[in-house]
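All chains are named by letter (A, B, ...) in the order of the sequence lines, taking the proteins before the strands, and each is independently numbered beginning at 1.
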Protein chains: 2
Amino acid sequence: MTNHLDRFFDALADPTCRAVIERLAQSPAPVSELHAPHDIALSTFLKHLKVLEESGLVRSEKKGRVRTVHIEAGPLKTAEGWLSQQRGLWEARLDQLEDLITHLNKTKM
Amino acid sequence: MTNHLDRFFDALADPTCRAVIERLAQSPAPVSELHAPHDIALSTFLKHLKVLEESGLVRSEKKGRVRTVHIEAGPLKTAEGWLSQQRGLWEARLDQLEDLITHLNKTKM
DNA sequence: AAGACACTTAGCCAGATGGCTATCTATTGG
DNA sequence: CCAATAGATAGCCATCTGGCTAAGTGTCTT
């Protein structure tokens, strides 16, 4: 089982891909519009899009000669969930430590 | 400006690094203990650790011959925040669409 | 003082990644 | 039906990545 998180985070690590996600968070858009603000060849841009789509963060349909791309909220939630969980564990532990120290101080007095 | 998110997500994209984070969410640990469960050379493992540390997701101090590594909650929160924001925008938009459709249906009847 | 331990550094290699140009296919507007 | 548009595909590079072995440094433990 190749973890999905691998591909999610891998896609998100690329600034171009993140910019696409940010744009798509506003509304779906055709490939050419997504490409416009990026100063790279279309073919290069398509590779990024492919990575995004294969990661599942994004989906697209072609109608006529236009391919329209839209965000997929589920995977974003998955990635967010993982982060939240790790941070939660760590912060809970810090709180425990703090409590322990407070307790020790009280006892000492 | 090289975005910090680049390095956060890049680190998190590697399963080895994610496993380290998961371990460190429980408690800080020395390098050798972090390395133990991974079936790769120590030198290779150290490269991953370096990526993690340069990303800021993790910090470490050396005392005697042991280097102890611990998680840094702030960056995790940053990454989580970015994801949450994008997802929020997208979901808000879906809700608006839904409302619009509901409204149109009502009007039609 | 010697050996074990816990890293650390250097250097090699194969494959993945991100960029390019050039060429191709399929739709659509006039 | 022709030209322009929108995207797809192929192939070439340079660099980055993740793996290895081998050898080095500094710190215990006995």
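- Residue B/H35 contributes atom NE2, which lies 12 Å from atom P of C/dA6 at whole-angstrom precision.
- Atom pair A/I40:CD1 and D/dC13:C1' shows a separation of 16 Å (rounding to whole Å applied).
- Side-chain contact between B/F45 and B/L34 is present, with at least one heavy-atom pair separated by less than 4.5 Å.
- Here the side chain of B/A41 is nearest to one of D/dG11, C/dT8, D/dT21, namely D/dT21.
- Look at B/T44 and you'll find a side-chain N or O under 4.0 angstrom from OP1 or OP2 of D/dC20.
- Note on ring orientation: taking the six-membered ring where Trp is involved, the planes of A/F9 and A/W82 are perpendicular (angle over 60°, cut-offs 30° and 60°).
- Comparing A/D39 and B/R65 by the nucleotide of DNA chain C whose heavy atom lies nearest to each, the residue mapping closer to the 5' end is B/R65.
- B/L34 places its CG atom 12 Å from the P atom of C/dT8, with the value rounded to the nearest Å.
- Backbone-only contact: B/S32 has heavy atoms under 4.0 Å from sugar-phosphate atoms and none from a base.
- Counting distance only, with no hydrogens placed and no angle test, the side-chain atoms of A/K62 and the base atoms of D/dG7 include no donor-acceptor pair under 3.5 Å.
- Position along DNA chain C of the nearest nucleotide to A/G64 versus A/V51 favours A/V51 as the more 5'-ward residue.
- Protein atom NZ of A/K63 is 16 Å distant from nucleotide atom C1' of C/dT28, rounded to whole Å.
- A salt bridge links B/E80 with A/R87: the closest approach of a Lys/Arg side-chain nitrogen to an acidic carboxylate oxygen falls below 4.0 angstrom.
- One can place CG of A/L42 at 14 Å from C1' of C/dT23, the figure rounded to the nearest angstrom.
- Judged by atom type and distance alone, B/S43 does not reach the base of C/dT8 through any side-chain donor-acceptor pair under 3.5 Å.
- One atom, NE2 of A/H48, and another, P of C/dC20, lie 9 Å apart when rounded to the nearest Å.
- Atom P of nucleotide D/dT17 and atom CG of B/D14 are separated by 11 Å, given to the nearest angstrom.
- At a threshold of 4.0 Å, the pair B/R67-B/E61 does not count as salt-bridged, since none of the basic side-chain nitrogens sits closer than that to a carboxylate oxygen.
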Criterion side chain to side chain contact (heavy atoms under 4.5 Å, CB included) on B/R18 and A/L5, from CA distance to verdict: CA-CA 9 Å; B/R18 273 205 318 283; A/L5 288 173; 3.6 Å; yes
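- If you measure from atom CG of A/L52 to atom C1' of C/dG18, you get 14 Å, rounded to the nearest angstrom.
- Contact check, B/R67 against C/dT8: a side-chain N or O comes under 4.0 Å of OP1 or OP2.
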